[in-house]
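These notes are about the structure you will find just below.
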Amino acid sequence: MPQNPELHLSSLREKQREAGGKKRIEAQHKRGKLTARERILRLFDPGSFVELFAFVEHSEHQFGLDKQKVLGDGVITGFGKIDGRQVYCYAQDFTVLGGSMSETNARKIVQIMKLAQQNGVPIIGLNDSGGARIHEGVGRLGGYADIFYQNVQVSGVVPQLSLILGPCAGGAVYSPAITDFIFMVDGISHMFITGPDVVKTVTSEEVSFEELGGSKTHAIHSGVADRRFASEQAAFQGVRQWLSYMPSNNKELAPRSQNPDAATDPQIKETLARAQEKLATVVPADPQQSYDMVDVVTAVMDPETFWTVKPEFAPQLMTGFARLAGRVVGVVANNPNHMAGVLDINASIKGARFVRFCDAFQIPLITFVDVPGFLPGTDQEQGGIIRHGAKLLYAYCEATVPKLTVIIRKAYGGAYDVMSSKHIGSDLNLAWPCAEIAVMGAEGACNIIFKKQIAAAKDPVKERQKMVNEYVQTFANPYQAAKKGYIDAVIFPGETRKYLVQGLEATASKRLALPRRKHGNIPL
């Protein structure tokens, strides 16, 4: 035992704070990045973080590693509170051997995930690593696999968030990919399987780290990132926002806030009233004109609570969290402002993953529909739109949480069925008076049904228009579907919030007796 135990402990803690040394800390700051400890201090409530396994060291001796032992071995693990909510966390420390993954620090990460699962608490990973510690050989490969396995065990039990705050390359990307959400920061976050050098060697293509796997690439094109932020501090604020919508685990409900409908503040009441009035004019009279579905969603939900997921990827289908009468809900909505709100491969995958997350964590789903169908074209067919579109259909069919649907305008063809229709288990289906529920648009239908009649007419153009007008009057409305019981109510736009609030209350205790099986086989 040391002669002065307390002095010895103080010395060890000082070494922990310095991590890889002052020079490497300075180098981290020059890259525009915070250190792992600085990140934890800024993310967690002051004084709440408790570090675990702080004195762990690696046990390797080859290649000079015995001289590079650092307490904690390059990853900080522990638990604490974020806005008063308990959270488990691990943070890779780039100042210690580039944050490289070792067998030892992999065990730390696995253990902290097990504790999160055991205690029913969300787990957040701060990723900043140069990759595997190649000095260790197969040990580090096993460490990655151990983490992947634990990610899967935790999936659907507690929410998992990966915050990419530096490089995340090679096999390391698959742990974040398994987690529920990925956040990235512009300029410092990079995710890729193979680096630019490998890409150039194989394809002769010149590509930068940013093009290959920067935050913009993954937020807009690949859909890997759920949100991107301008700075680390903004990302930490995003984590707090995300956490406010999350239940701690799959057996608890998400935190409920005050119902603004019950507020006595006249300003809140006026805000709600104006929002409902706005709904009457948001959809253009011309069905070919676009509008922004964001205006509909924000007017219906509690003020300033709609928070989007993957806003830049496949924007024709919006996904996100909001509150309705204080309850957290998941929102899925076609947006005619982008590609007319059509469903394509990316939109289908995006929607399916979001629906399955909400179902796993008991978050009710509210779907706003304005969809002209699935995107036609050779690229979509060859890319597997049948298989990918089926993912969204499967996800809605599988979901057992309360499902409420509002058809705003178009609901054509198979897309009508897929977008949480009554036929696939939706609990409450509403439609605005301007809703068009049909196999296809009026002009396309008339060109098929009345082809001979139009061709034989003296004035084919006039005859076609006549047939289109008659078709619209007969079929392009919500009443045919309502007569068959596929629509529960046709409502005025200003009544949408009231109906959804009442529907949410009526389905709050929903329970389904499902067939006994291990699991279904979603068309992956």
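All values below come from the heavy atoms of this structure, side chains included, with hydrogens, waters and symmetry mates left out.
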* To do: Examine the side chains of T367 and Y396 and answer whether a donor and an acceptor come within less than 3.5 Å of each other.
  => yes
- Query: Is R497 paired with D302 through a side-chain N to carboxylate O contact shorter than 4.0 Å?
  - Reply: yes
For K269, I'd like to know if atom NZ has over 12 heavy atoms of other residues, nucleotides or ligands within 6.0 Å. yes
For this session: Would you please test E495 and Q276 for side chain to side chain donor-acceptor pair (under 3.5 Å) and show each step?
Result: CA-CA 7 Å; E495 297 176 316; Q276 307 321 298; over 6 Å; no
Could D370 and R409 be called an ion pair, given the rule that one side-chain N must be under 4.0 Å from one carboxylate O? yes
- prompt: Is the shortest distance from a Lys or Arg side-chain nitrogen in D427 or K510 to a carboxylate oxygen in the other one below 4.0 Å?
  reply: yes
Practice prompt. Could you please spell out the steps behind the ring pair (Phe, Tyr, Trp, His ring centres under 6.0 Å) verdict for Y416 and H423?
Written response: CA-CA 10 Å; Y416 154 71; H423 319 278; 5.5 Å; yes
Next on the checklist: If the threshold is 4.0 Å, N to carboxylate O, is there a salt bridge linking K216 and E210?
Outcome noted: no
Fill in: Audit row: F321, F306, ring pair (Phe, Tyr, Trp, His ring centres under 6.0 Å) steps and yes/no
CA-CA 6 Å; F321 300 103; F306 182 43; 9.5 Å; no
Check the side chains of T378 and E381 for a donor-acceptor pair under 3.5 angstrom, ignoring hydrogens and angles. no
- prompt: Quick one: does NZ or CZ of R323 land under 6.0 Å from the six-membered ring centre of W307, within 45 degrees of the ring axis?
  reply: no
Exercise. Is the shortest distance from a Lys or Arg side-chain nitrogen in D226 or K310 to a carboxylate oxygen in the other one below 4.0 Å?
Worked result: yes
| message | If you apply the rule side chain to side chain donor-acceptor pair (under 3.5 Å), what do you find for Q160 with N151, and how did you get there? | response | CA-CA 8 Å; Q160 299 181 76; N151 282 133; 2.9 Å; yes
Minimal heavy-atom distance between R240 and L43, with the atoms involved, is NH2-O, 3.4 Å
Any ion pair linking K422 and D488 (charged N to carboxylate O, less than 4.0 Å)?
yes
